[in-house]
Enquirer: 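Right, I'll just put the structure down here and ask away after.
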Amino acid sequence: MRVLLGQILPAVAAVLGLIVLWGLLVRLPGVPDYLLPAPERVWAVGWADRDLIGRHLWATVRIAVSGFVLGSVLGILVAIALTLWRPLRAATEPILIASQAIPPVIFAPILIAAMGFGAWPKILVVTLGAFFPVAISAGIAMREADRTLVDLLTSMGARRLTVLRRVRLPGAVPGIVGGAKISASYVVFSAIIAEWMGSSVGLGVYLQRSQASYRMDQLFAAVGVIAVLGVLLFWASALIGDLVLARNRAIAAGRST
Amino acid sequence: MTADGEQHPTTNEAGAGLVVEHITHRFPLPGAGLFGRHPGFRTVLDDLSLTVPPGSLTAIVGPSGCGKSTLLKVLAGLLIPASGRAEVNGTPLIGRPGGVAYHPQQDALLPWLTTLDNATLGAEIAGQSRAEARTRARALLDRFGLAGTERAWPDELSGGMRQRVSLLRSSLMPQPALLLDEPFGALDALTRRQLQFWLLDITAAERRPTLLVTHDIEEALLLADRVIVLSPVPAGIVHIEDRPDAELRREQREHGADHPAAQRILAALGPGSGT
Ligand SMILES: Nc1ncnc2c1ncn2[C@@H]1O[C@H](COP(=O)(O)OP(=O)(O)OP(=O)(O)O)[C@@H](O)[C@H]1O
Ligand SMILES: [Mg+2]
């Protein structure tokens, strides 16, 4: 109830305000309908096309969520590897950073050409974008772990892997959650780009077709769906993150060995 | 009043116990290493040597910042000294963490472990079975005033409780020597007295050489077979006070008869020393 009042209501109010503003804007003289369709028409077109949009939406959700999960896991594994082997970190960090500087529009077609029109090349594009924030924030959190705790474990004769498992990893959970939230806000974007570059299904395909046929109303309807999807995915990841943080101690305490 | 060497258990074969020889340690001065230039070092431990026989407790007192914790970190394998040797029962300690049971000055509890899991951590890492360590920990919870807190998180404990969990953890570790850095600092008088007697008991029973850093001279006089007084930084030994056996020390304490020893230690610490 408090979440509803405190978080959702103001957000909904702000969005409604923007839509009203948009509705007023299109009624100004000199704003052509084919460039900026009225919100009520976008809604009507989107509602009429809901079956088709739903099918494309489902494809996009699958790719975005799969890529997010894979990317987060990969990010944690990369962070662990780079924390354990410092030379590996020195060697690969520039490559990892470079991989983020290359826009997905460049490597998406290559992946699609190599792996076909199935879901995998698109999931891979999303994964590549999602793993980075997790790898960076998890890596920083693991390397900057509480010095006194690391010293304590070291003085007990713990090996590096034990220090990682008992101190660095549990201490990095807030960092991992933070990185995953950033990733979650990117995955819809990456999924749409991947679909746009070559696919037979997905919101990216729907967008591309609407644009090719100058259907601005359809395009805006899809944009609305994408915006809502992005927010929902972010909220879901934030919610899961809060649950993980709340159970962090309990999970660590309940572990075996 | 002062005992001589005969009265504490020195009848051991060569190499037994904790042997520390000529330890010198330097810290780089702030800013060292910047642009590859070293403005220099500060010597914190200056050629320190001491021996703690099995079953014996040596207390270290000295002004704040003189290097007591640094010495224990060196022996715990966390700092590599510029020179010197240290071994316990013939096993070298320098640069080899895991050789001693070490209680750091800050009670470093893992925030994501309960009291019981924190208490058994050191024993587990030393390779003991979790079940066995838990049994031994449970048996001591009462004596440590921790009954009923075994499932509590560290942030639910008071400062004194945290310190006791930390002490319990070090004492459950199986290593052949015990190094305690101000383990009773945050305790109330009653609990402190209780755990002091407990420490006397286990030192006698387990026969582990024990090194105790403390600011409390009365505590040192009650618990230690030998009290070592360190100078201000760089720490060197300025006085050694050998003590009678534990039974006599308890009696002396009851009759306030350890005053002369306390006077000698205070004199060695020097006027205006903060201890
Ligand atoms: N990591 C470090 N780098 C540089 N100097 C240090 C470091 N650790 C300690 N020192 C310095 O070494 C000296 C000895 O510190 P240490 O912690 O051993 O003192 P102490 O005798 O344990 O003091 P206290 O009784 O207050 O605990 C101090 O002057 C401190 O400033
Ligand atoms: Mg200290």
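Not measured: the values here are computed from a predicted model.
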Enquirer: Heavy-atom distance under 4.5 Å to chain A: side chain of B:Leu109, backbone, both or neither?
Expert: backbone
Enquirer: If I measure from the heavy atoms of chain A, does B:Arg169 come under 4.5 Å with its side chain, its backbone, both, or neither?
Expert: side chain
Enquirer: Looking only at heavy atoms, which of residues 135-154 of chain A get nearer than 4.5 Å to chain B?
Expert: A:Thr148, A:Leu149, A:Asp151, A:Leu152, A:Leu153, A:Thr154
Enquirer: For B:Glu150, is the CD atom crowded, meaning more than 12 foreign heavy atoms sit under 6.0 Å from it?
Expert: yes
Enquirer: Report, as yes or no, whether the 6.0 Å neighbourhood of atom CZ on B:Arg26 holds more than 12 heavy atoms from other residues, nucleotides or ligands.
Expert: no
Enquirer: Measuring from B:His103:NE2 to A:Ser155:OG, what's the distance to the nearest 0.5 Å?
Expert: 11.0 Å
Enquirer: Only counting residues at least two apart or in another chain, list the ones meeting ring pair (Phe, Tyr, Trp, His ring centres under 6.0 Å) with B:Trp198.
Expert: B:Phe144
Enquirer: Take atom CZ of A:Arg62 as the centre, draw a 6.0 Å sphere, and report whether it contains more than 12 heavy atoms from other residues, nucleotides or ligands.
Expert: no
Enquirer: Under a 3.5 Å distance rule, please check whether B:Trp112 uses its side chain to pair with a backbone N or O of A:Arg166 as donor and acceptor.
Expert: yes
Enquirer: For A:Phe107, does the CZ atom sit with more than 12 other heavy atoms under 6.0 Å from it, leaving out its own atoms?
Expert: yes
